[in-house]
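A quick note: this is a predicted structure, and the numbers were derived from the prediction, not measured. Order of listing sets the numbers, starting from 1, for every ligand and every atom in it.
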Amino acid sequence: MAGLLPLDEAQARLLALAEALPIETIAVAEAGGRWAASDIIARRSQPAADLSAMDGYAVRHMDLPGPFRIIGESAAGKGFPGSPGAAEAVRIFTGAAVPEGADTVIMQENCAREGDTLRLTAQPPAPGRDIRVRGSDFSEHALLVARGARMTPAAIALAIMGGHGTVPVHRRARIALISTGDELAAPGAVTGPHQIPASNGPMLAAMLRSTGCDVDDMGVVGDDLDSIKGAVDAARRHDVILTIGGASVGDHDLVKPAFLACRATLDFIKVALKPGKPLMAGRLANALVLGLPGNPVSAYVTCFLFALPLVRKLMGAATPLAPVLPLPLGAAMPAVGNRTEFIRGKIEDGRALPFRNQDSAALALLAEAAILIRRNAGAQAVPAGTIVDTLRLD
Ligand SMILES: Nc1nc2c(c(=O)[nH]1)N[C@H]1C(S)=C(S)[C@@H](COP(=O)(O)OP(=O)(O)OC[C@H]3O[C@@H](n4cnc5c(N)ncnc54)[C@H](O)[C@@H]3O)O[C@H]1N2
Ligand code: MOO
């Protein structure tokens, strides 16, 4: 159909508009959820010495099965200066350095101590048992976190363990959210028959904040050109101006004229996507503009497929699109029309199960959905068991 841009092309064109935001150096402890702006390389080896993995006794394996004479103690933070000789053992604690010459730790449950004498009470441990060898986690100069990777909780710990106190990241993207519609009422307000609660703004704000960006929810403007234009103008200093609703072809759908009146250049205005056909994107001075459709499910799906990847790209993500999880279908699915479809569903017994009702205004089922099942434009009907691409919604 003329004017409908294929989904993958639309995503690629939007991401091509976005350049990563400026870099700032911040404390690693504050970097959770950001994306590394350069490779993070280990400045130290971990462990820095051979360490005991258990509370017990360090011995030379060749002296097993003992008995041993206990000659001292190595605790975490202060090691034992000497080294055990023949049939000698050093009391040792988890995380303490293994003394020079010792090569095996006997955990204390497997031996008995009487005064300074230690006897094995179980099978002898294998050589090297319960010792974390120097550099066994990572060595100095190893790549710990690649540029463009997310600073997950584990990546934060890894960077700090690698000797880093600060890390370069891209600054947070600043997103303006503008909801449009004369029918929209404030959350919690009593609504008349011609009103509905404005749920999309808070929903998208919550989705966007999961990327770590700053969201400025500018609230609701009515369906008139000047109001929408005024709101878009007021949002110019943001990195992304995201509008909701008014994207279609009705007489009250004024987002496109408002963008154009603000001198935005639009890159595309319709995508071969269901839900989410009326979707426009472009540039307005230093900001990117994204006009999402108003139907709640369409707004959710287009935010997931376009707005979230855009924010990730701005914040430096190497792979901004959501990862694909191939799953077998739990039910047959019909042929697909000329728009790529994203069907809400859940995972049951490892299979993707589409929900029956796919109305793009149905929120109860959206809240239950765990996955979107992707079916490409023009695809044939498929039987249960067919492997399909899914996207997780958590
Ligand atoms: N003649 C045609 N009509 C429509 C077409 C079309 O191609 N030709 N496309 C349909 C599709 S597809 C979609 S999706 C919708 C999207 O339209 P808009 O982006 O213009 O959205 P609105 O008309 O403003 O609203 C649609 C629907 O969603 C409700 N809404 C809007 N904003 C919010 C909000 N912030 N919170 C909760 N609900 C919201 C609004 O009240 C409407 O019920 O157009 C089809 N029409
Ligand atoms: O984009 Mo709309 O949700 O297809 O009805």
Using heavy atoms and a 4.0 Å limit, tell me yes or no: is [X] in contact with ligand 1?
X	value
S360	no
G181	no
G276	no

Any idea which part of [X] is under 4.0 Å from ligand 1, heavy-atom wise: side chain, backbone, both or neither?
X	value
V220	neither
P275	neither
N200	both
V249	side chain

Side-chain H-bond candidate by donor/acceptor type, H238 with D216, under 3.5 Å: yes
Test of proximity, G276 against ligand 2: N or O pairs below 3.5 Å: yes
Polar proximity ligand 2 side, R339 side, N/O cut 3.5 Å exclusive: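 It does: an N or O of R339 is found under 3.5 Å from an N or O of ligand 2.
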Protein heavy-atom partner closest to atom 45 (C) of ligand 1 - residue, atom, separation in Å: S248 OG, 4.0 Å
Whether P293 lies under 4.0 Å from ligand 2, heavy atom: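 The answer is no: ligand 2 sits nowhere under 4.0 Å from a heavy atom of P293.
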Ionic contact status for R374 with D8, cut-off 4.0 Å: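 Between R374 and D8 there is a salt bridge, with a charged N closer than 4.0 Å to a carboxylate O.
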Check: R339 N/O within less than 3.5 Å of ligand 1 N/O: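 Checking ligand 1 against R339, no N or O pair falls under 3.5 Å apart.
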Option set G246, A361, G201, criterion heavy-atom distance to atom 24 (O) of ligand 1, minimum: G246
Closest to atom 26 (C) of ligand 1 (judged by heavy-atom distance), picking from I196, V301, T180, N295: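 That would be N295.
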V98 backbone acceptor or donor facing S52 side chain under 3.5 Å: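 Looks like no, no N/O pair under 3.5 Å.
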Salt bridge (charged side-chain N to carboxylate O under 4.0 Å, His left out): pairs with one or both residues in residues 253-264, sequence neighbours excluded: none
Heavy-atom check, side chain of N376 versus side chain of V336, under 4.5 Å: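 Result no, sub-4.5 Å side-chain heavy-atom pair not found.
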Close side-chain approach of I178 to I228, heavy-atom, < 4.5 Å: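 Side chain of I178 against side chain of I228, heavy atoms only: no contact under 4.5 Å found.
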